[in-house]
2 protein chains.
Amino acid sequence: MPPQHYQKIAQHLREAINSGRLNTGDELPSEAELCEQFGSSRGPVRQAMMLLRTEGMISTGRGRRSTVLARSDNNDFDSTISISAWLRYFGYTPGQRTLFLARKPADETTAGHLRITPGDHIVTLRRLRLADDRPFAIERSYFPVPVGRHILDADTDTTSIMETLAANDIVVDNLSRCLNAVVADEEQAELLDVRPGEPLMRIRMSASDQYGQIIFFADNLFLAENLTMSLNTVRGTPSSARLTPLD
Amino acid sequence: MPPQHYQKIAQHLREAINSGRLNTGDELPSEAELCEQFGSSRGPVRQAMMLLRTEGMISTGRGRRSTVLARSDNNDFDSTISISAWLRYFGYTPGQRTLFLARKPADETTAGHLRITPGDHIVTLRRLRLADDRPFAIERSYFPVPVGRHILDADTDTTSIMETLAANDIVVDNLSRCLNAVVADEEQAELLDVRPGEPLMRIRMSASDQYGQIIFFADNLFLAENLTMSLNTVRGTPSSARLTPLD
């Protein structure tokens with residue numbers, strides 16, 4: 001489907017916000033001004049505003065100017081699934097040191113995450129991740145064999161896993177993440193070159209393709225200093241973010 | 001605007017998923033089946049599927065059945081802004097003990113979060129939060145005076161702040177949250193009845209009304225054991241979730 005008029009208006013406003021031409025707290029032009037700017041009637045302008053409201057980018061109040069709440073990260077999906085892409089996005093040089101790579105039977109928990117039968121073979125990868133040559137995260141990834149066989153063939157010290165998979169037409173379409181706070185045990189602390197007891201952000205990720213097939217499950221530990229997950233929620237709008245007191 | 005046909009189809013599917021009639025990994029009916037079920041042409045059915053895909057609830061693959069990825073929490077906004085509502089939602093009895101409540105000038109950081117001038121008066125509330133009578137979180141909330149004066153009048157040991165504000169027609173419409181992992185210092189550990197060094201999830205929240213006016217800023221510390229933030233991201237779809245290596 002070609003984009004409808006309201007989608008073009010929304011995209012224009014999104015770019016104004018993401019580029020910083022409009023900042024958090026700034027007022028948007030009035031409906032009348034937007035109608036004139038886009039040669040549009042009120043309907044599409046209002047639909048565009050509702051869409052941006054749904055995305056958590058703007059507030060909309062009756063009879064008042066809408067204001068900018070937050071930027072979106074529409075084009076940034078690859079940096080949510082690849083630590084390398086994510087570090088590069090923020091100006092760091094990514095690196096990695098492979099600790100463990102093997103094909104072996106899945107235990108019950110991992111099999112559950114990969115939706116396979118316990119005992120089925122999987123590929124397990126454990127790496128120390130570096131940012132500007134400094135230890136930053138411990139990566140523990142698990143792949144079903146049809147995906148993981150490409151990892152076994154790769155040089156995991158020099159290669160981005162996501163790029164290896166993409167070269168084999170395996171493309172992540174959906175990522176589900178669970179975050180919680182833990183502290184480093186002795187082994188983790190030694191790898192990360194910190195003292196035991198340092199706070200870590202544990203991020204478990206489950207990635208699937210556009211058909212809902214699981215591509216990998218990962219259970220990663222990040223040094224928590226300055227690592228922040230930010231998110232925006234709007235009343236009356238579906239949100240996948242969910243804080244639960246129990247695992 | 002009354003809901004359009006595609007929105008009704010989307011809502012029907014959302015309810016099927018949220019009620020558990022369709023579970024994660026299940027296939028959705030085919031496009032043809034949905035067209036027949038809703039007496040609809042392909043257009044609205046496809047629009048409904050795109051909407052659910054955008055919400056991270058389903059996968060959509062060309063020529064294959066869509067599968068269920070995750071539930072949504074459309075109707076759960078109040079439990080994201082109120083610790084009391086959130087605990088009740090999960091079957092706990094919420095409680096609180098006020099540690100500090102005062103009207104005083106804002107320091108520079110807090111003024112920035114509330115978008116006021118440093119030195120302007122604010123209302124500061126510090127409470128120990130309980131779940132089934134056990135310490136669970138330290139709440140540190142900051143309100144601009146037009147909002148906070150209602151808090152000064154309330155019994156903060158027995159009252160839900162969000163209910164007090166709602167009774168005064170102050171309604172949160174947008175919530176922005178930042179999560180990171182820290183460890184308890186001695187004072188925090190004593191309040192929470194744990195040992196210093198226990199992992200905590202620090203959640204900073206900024207809440208605004210539908211006009212973008214700030215209602216409160218909070219800097220809360222939760223016992224991290226079992227506290228999990230889960231979220232879902234879909235390629236090509238705007239997401240407000242953003243993991244940053246620097247604060």
Side-chain angles (χ1 to χ4, degrees), chain A residues 1 14 25 55-57 59-61 64 66-70 72-74 77 80 86-87 90 92 115 131 172-183 197 199-201 208-212 224 226-247, chain B residues 14 25 46 55-57 59-61 64 66-70 72-74 77 80 86-87 90 92 115 131 172-183 197 199-201 208-212 224 226-247:
Chain A
M1 290 182 282
R14 239 183 246 121
E55 294 169 8
M57 296 185 75
S59 73
T60 58
R64 287 228 220 163
S66 294
T67 57
V68 176
L69 295 169
S72 74
D73 276 314
N74 196 3
F77 186 76
T80 67
W86 178 71
L87 285 172
F90 285 102
Y92 294 91
R115 289 198 222 123
V172 174
D173 191 63
N174 184 283
L175 184 74
S176 132
R177 282 179 286 184
C178 289
L179 282 76
N180 59 319
V182 296
V183 294
L200 302 177
M201 183 74 89
S208 56
D209 68 13
Q210 62 172 332
Y211 309 110
N226 296 325
L227 186 78
T228 304
M229 172 64 83
S230 59
L231 50 122
N232 215 9
T233 319
V234 179
R235 181 183 293 279
T237 298
S239 168
S240 73
R242 187 186 175 91
L243 188 69
T244 48
L246 291 172
D247 223 347
Chain B
R14 239 183 246 122
R46 287 192 182 153
E55 294 168 8
M57 297 185 75
S59 73
T60 57
R64 288 229 219 162
S66 294
T67 57
V68 176
L69 295 169
S72 74
D73 276 314
N74 197 2
F77 187 76
T80 67
W86 178 70
L87 285 171
F90 286 102
Y92 295 91
R115 289 197 221 124
V172 174
D173 190 64
N174 183 284
L175 184 73
S176 129
R177 282 179 285 186
C178 289
L179 283 75
N180 58 318
V182 296
V183 294
L200 303 177
M201 183 74 88
S208 56
D209 68 13
Q210 62 172 332
Y211 309 110
N226 296 325
L227 185 78
T228 303
M229 172 63 83
S230 60
L231 52 121
N232 214 8
T233 318
V234 179
R235 181 183 293 278
T237 297
S239 167
S240 73
R242 187 186 174 91
L243 189 69
T244 47
L246 291 172
D247 223 346

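Letters A, B, ... are given to chains in the order of the sequence lines, protein chains preceding strands, and every chain is numbered from 1. Treat the numbers as computed from the prediction; the structure is a model and nothing was measured.
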- prompt: What option among A:Ser208, A:Ser176, A:Gly25, A:Ala131 has the most heavy-atom pairs under 4.5 Å with chain B?
  reply: A:Ser176

message: Counting heavy-atom pairs closer than 4.5 Å to chain B, which one of A:Asn174, A:Thr67, A:Leu69 comes out on top?
response: A:Asn174

query: Given a strict heavy-atom distance threshold of 4.5 Å, which part of A:Ser230 is in contact with chain B: side chain, backbone, both, or neither?
result: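 Both parts, backbone and side chain.
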
query: By a 4.5 Å heavy-atom criterion (distance strictly below it), what part of A:Leu175 contacts chain B: side chain, backbone, both, or neither?
result: both

message: Can a side-chain donor-acceptor contact be found between A:Thr233 and B:Thr80 if the only test is distance below 3.5 angstrom?
response: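 The criterion, which ignores hydrogens and geometry beyond distance, is not satisfied for A:Thr233 and B:Thr80.
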
task: Indicate whether the side chain of B:Thr244 and that of A:Thr228 have a donor and an acceptor atom separated by less than 3.5 Å.
output: no

- request: Measure B:Val182 against the heavy atoms of chain A and call it side chain, backbone, both or neither at under 4.5 Å.
  value: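 The answer is the backbone of B:Val182.
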
message: Heavy-atom cut-off 4.5 Å, strictly under: side chain, backbone, both or neither for B:Arg177 against chain A?
response: both

query: Do any N or O atoms from the side chain of B:Trp86 and from the backbone of A:Pro245 form a donor-acceptor pair under 3.5 angstrom?
result: no

field: Pick from B:Leu179, B:Val172, B:Leu87 with the largest number of heavy-atom pairs that fall under 4.5 Å of chain A
entry: B:Leu179

- prompt: What residue in B:Val68, B:Asn232, B:Leu200 has the most heavy-atom pairs under 4.5 Å with chain A?
  reply: B:Asn232

Residue pair B:Met229 / A:Arg242, side-chain heavy-atom distance below 4.5 Å: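 Side chain of B:Met229 against side chain of A:Arg242, heavy atoms only: no contact under 4.5 Å found.
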
- request: Over all heavy atoms of both residues, which pair between B:Phe77 and A:Arg235 is shortest? Give the atoms and the distance, please.
  value: CE1-N, 3.4 Å

- line: Of all heavy-atom pairs linking A:Asn180 and B:Leu227, the shortest is CB-O, 3.0 Å

